[in-house]
Amino acid sequence: MPEPSFKRAVTRGDWILFGILLTLTALIFMRSCAFRSHKKYVWITAKDKTVGYYPLNQDRIVKVQGPLGTTVIQIQGGQASIIQAPCPHKFCQKMGPIPSHGRIMVCIPNRIIVEIKGKGGNKTDAVTR
Amino acid sequence: MPSPDERYKASHIERTVQFALFAVFATGVHALESLVTLPIPWLRIGFAHIVTMLMLPYFGAKFILGIFLIRVCVGSALVGKLFSPGFLLAFSGGLGATLVMLCVYRYFHEFLSFWGISLIGAFTHNLLQVTTASLVIHHSATFLLLPYFLALALATGTISGLLTNRIHAWQIS
């Protein structure tokens, strides 16, 4: 085998690179923490269409029409929950209440998705489709 | 004195044998690594990438990519994870990391040891895995894990990189 022209020990470049990546990770950590403390919204989707979004810190009750009937969503005390659903199993009621970003409640029979997102909804996250 | 034709044949056979041996070695490491239990499920130190990095100074891009394809397919099949979502993540991350490490080695091998290459590889691997995961589950919530994944990449990249430095020094001495 030919003698490789390769560094055998840790070089200064390694340390510089390590420093850069460490700073990058720390920055992303800080950004994600800041992102979490942003104002949160409750996004409600029915039949693949956005019905509306409501700030999480204002108490209110939202009624949404699905194929089976009316699902009642309650926003109270910084949490969202489904308090009334027309579906047979009521799994969506048991999934709540949801308090934080990225959490989700789904009612498959009534085709309703309740999701908590940061400000601007899809704008802050990547587009995945 | 062998004729040029025979000499070509000999080197060709040598290359084939080397390829086979490295393929078996890399596959074995890849499969055995999934048996190592770590506190976080799916966390891997990246021993399979050590094999990739050890090949960097001696073999070309085609050789190394071929070894990667074989090890990820056969290795996943051995542990029963071929074509599972986990396989998709391992494949995309590994392919990206291998390509990036090849480029970094080619252009920066005078400035970086295996530690630097390993760090860049680990970062690419985890970044691509998070991206692929978000594509697989059609939800961008996986990016919330990104900071933790990158911190883990710093740790595992350092471990495997320094190990590779050791192994390589021992290998050529």
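Convention: sequence-line order gives letters A, B, ...; per-chain numbering from 1. Being a predicted model, the structure only gives us computed values, none of them experimental.
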Q: Should the heavy atoms of other residues, nucleotides or ligands under 6.0 Å from CZ of B:F63 be counted, would the total exceed 12?
A: yes

Q: Give, for atom CG of B:L146 and atom CD1 of A:I28, the distance between the pair rounded to the nearest 0.5 Å.
A: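 Reported to 0.5 Å precision, the distance equals 5.5 Å.
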
Q: What do you reckon, is CD1 of A:I83 surrounded by more than 12 foreign heavy atoms closer than 6.0 Å?
A: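 Enclosed: over 12 neighbouring heavy atoms sit under 6.0 Å from CD1 of A:I83.
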
Q: So, A:T11 side chain and B:F111 main chain: donor-acceptor pair closer than 3.5 Å or not?
A: yes

Q: Verify the cluster assignment for A:I16 and B:F108: are they in a single hydrophobic cluster under the rule of side-chain heavy atoms below 4.5 Å apart?
A: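 Different clusters.
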
Q: Out of curiosity, does B:I137 fall in the hydrophobic cluster containing A:I108 (side-chain heavy atoms, cut-off under 4.5 Å, transitive links)?
A: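 No, A:I108 does not connect to B:I137 through the hydrophobic network.
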
Q: Distance from B:I120 atom CD1 to A:L17 atom CG, nearest 0.5 Å?
A: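 Atom-to-atom, B:I120:CD1 and A:L17:CG are 4.5 Å apart.
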
Q: For A:A9 and B:S113, work out which heavy atoms get closest and say how close.
A: O-CB, 3.2 Å

Q: Select one option (side chain, backbone, both, neither) describing which atoms of A:L22 are under 4.5 Å from chain B's heavy atoms.
A: both

Q: Heavy-atom distance under 4.5 Å to chain A: side chain of B:T164, backbone, both or neither?
A: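 Neither part, no heavy atoms under 4.5 Å.
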
Q: Can you tell me if CZ on B:F149 sees more than 12 non-hydrogen neighbours from other groups inside 6.0 Å?
A: no

Q: Taking all heavy atoms of B:A151 and all of A:F29, pick out the closest pair and write down the distance.
A: CB-CE1, 4.1 Å

Q: Is it the case that one hydrophobic cluster holds both B:L38 and B:L35, taking links as side-chain heavy atoms less than 4.5 Å apart, direct or via other members?
A: no

Q: Is it the side chain or the backbone of B:L56 that comes within 4.5 Å of chain A heavy atoms, both, or neither?
A: neither

Q: Any side-chain heavy atom of B:T158 sitting closer than 4.5 Å to one from A:F18?
A: yes

Q: With distance as the sole test, does A:D14 use its side chain to make a donor-acceptor pair with the main-chain N or O of B:W115 at under 3.5 Å?
A: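 Not at all, since once roles are kept as given, no pair shorter than 3.5 Å links the two residues.
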
Q: Within a radius of less than 6.0 Å around NZ of A:K63, do more than 12 heavy atoms belonging to other residues, nucleotides or ligands occur?
A: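 No - once you tally the heavy atoms of other residues, nucleotides and ligands closer than 6.0 Å, there are 12 at most.
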
